[in-house]
Amino acid sequence: MKKVIAIDGPSGSGKSTIAKLLAKKTGYTFLDSGALYRATALKLLNLDIKEDTPDRIIETILNNTKISYNNGRVFLDDKDISEKIRTPEVDRYTSIFSSRSCVRDFLLHIQREFSSNNDIVTEGRDMTTIVFPKAWRKFFLTASDRTRAMRRYNQLKVAFSDIRYEDILNDIIERDERDSKRSISPLKVGEGVIVIDNSELTVEATIQKMLDEIGAIK
Ligand code: DC
């Protein structure tokens, strides 16, 4: 395995933006694991798969599904769906289907495979605990509910002008609850993970803090 800088954290903690910039600074390749979960959920959504659909049906679908990630773009069955996965509907579906072990098993191999040839910076919910527990460096980024909801609101309002801040806040609280309480791969602070609360920090300040930590433990 090459070097892995693994970052976990809840939605809106800035981990995607931060991981991308950290990858640029270190020269490592960026892997957004949430994009893989979103692409998988989009496939299931397109096929009208419901929450109570049995695992074996989902497994059969996923055995015939190709998901790949290249240069910040995510591909579903060779189609670039990078923009299509960023909607509130896909947000919700992804949170629901990412708690299924058949979905997580399917993506585990894709994620680990990605690090076999590249030094990577990756972010998600179980990067530091399940996918890369032996990562070279491990971080958990977080921020208050309200700060995270406001960040998400500012991102989404560009494309969805009728979106309401209160709805986003409720969505975030609901998703956090689902992501951290699920029985498989819950979002949590793992062993040897450095926690950074960036509610009051800019993106640049957060990255600097991470680089300082990386330097300090080198
Ligand atoms: O980071 P994001 O908002 O793009 O993630 C979308 C969803 O995917 C979120 O509900 C949690 C889930 N996810 C996960 O369960 N495990 C990961 N490693 C990454 C994302």
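All values below were derived from every heavy atom in this structure, side-chain atoms included, with hydrogens, water molecules and symmetry-related copies excluded. Remember, it's 1-based here, ligands and their atoms both numbered in the order they're listed.
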**Item:** Asp91/Arg152 under salt bridge (Lys or Arg N to Asp or Glu O under 4.0 Å): CA gap, chis, key distance, verdict
**Value:** CA-CA 11 Å; Asp91 279 0; Arg152 189 91 184 108; 2.7 Å; yes
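- Of all the heavy atoms of Arg182, the ones lying under 4.0 Å from any atom of ligand 1 belong exclusively to the side chain.
- With values rounded to the nearest 0.5 angstrom, Ile194 atom CD1 is found 8.0 Å from Ile214 atom CD1.
- Considering backbone and side-chain atoms alike, Gln111 places every N or O at 3.5 Å or more from each N or O of ligand 1.
- Residue Arg152 places no heavy atom under 4.0 Å from ligand 1.
- Residue-ligand proximity, Arg175 to ligand 1, at heavy-atom distances under 4.0 Å covers atoms 3 (O), 9 (C), 10 (O).
- Within the listing of ligand 1, atoms 17 (C), 18 (N), 19 (C) sit less than 4.0 angstrom from a heavy atom of Ser33.
- A side-chain hydrogen bond (donor to acceptor under 3.5 Å, both in side chains) with Arg175 holds for exactly one of Ser180, Ser98, Ser11; it is Ser11.
- Taking every heavy atom of Lys15 and a limit of under 4.0 angstrom, the matching atoms of ligand 1 come to 1 (O).
- Arg100 CZ to Glu51 CD: the interatomic distance, rounded to the nearest 0.5 Å, is 8.5 Å.
- Residues Lys2 and Ser115 bring no donor and acceptor atom of their side chains to less than 3.5 Å of each other.
- Among protein heavy atoms, atom 3 (O) of ligand 1 sits closest to Arg38 NH2, 3.1 Å.
- Heavy atoms only, all atoms of each residue included: Ala39 and Leu76 are closest at O-CD2, 3.8 Å.
- At a 3.5 angstrom cut-off on N or O pairs, Arg125 counts as close to ligand 1.
- For atom 8 (O) of ligand 1, the nearest protein heavy atom (residue, atom name, distance) is Thr94 CG2, 3.3 Å.
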**side-chain contact (heavy atoms from CB on, under 4.5 Å) assessment of Tyr37 paired with Tyr93** = CA-CA 10 Å; Tyr37 280 92; Tyr93 260 79; over 6 Å; no
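- Close approach of ligand 1 to Met127 is summarised as follows: ligand atoms under 4.0 Å from at least one heavy atom of the residue are 18 (N).
- For ligand 1, the atoms sitting less than 4.0 Å from at least one non-hydrogen atom of Ser98 are 12 (C), 15 (O), numbered in the order shown with element in parentheses.
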**Item:** Step-by-step side-chain hydrogen bond (donor to acceptor under 3.5 Å, both in side chains) determination, Asn63 to Glu59
**Value:** CA-CA 6 Å; Asn63 282 339; Glu59 271 161 18; over 6 Å; no
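- Among all protein heavy atoms, the one lying closest to atom 16 (N) of ligand 1 is Arg104 NH2, 3.0 Å.
- Using modelled atom types, one side-chain atom of Arg182 and one backbone atom of Ser185 make a donor-acceptor pair closer than 3.5 Å.
- Here is the list of ligand 1 atoms found below 4.0 Å of a heavy atom in Asp126: 18 (N).
- Applying the 4.0 Å criterion to heavy atoms of Asp179 picks out, from ligand 1, the atoms 9 (C), 10 (O), 11 (C).
- Listed by atom number, the atoms of ligand 1 under 4.0 Å from Ser95 heavy atoms are 10 (O).
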**Arg125 vs Asp8, salt bridge (Lys or Arg N to Asp or Glu O under 4.0 Å): CA-CA, chis, key distance, verdict** = CA-CA 5 Å; Arg125 303 299 191 286; Asp8 285 324; over 6 Å; no
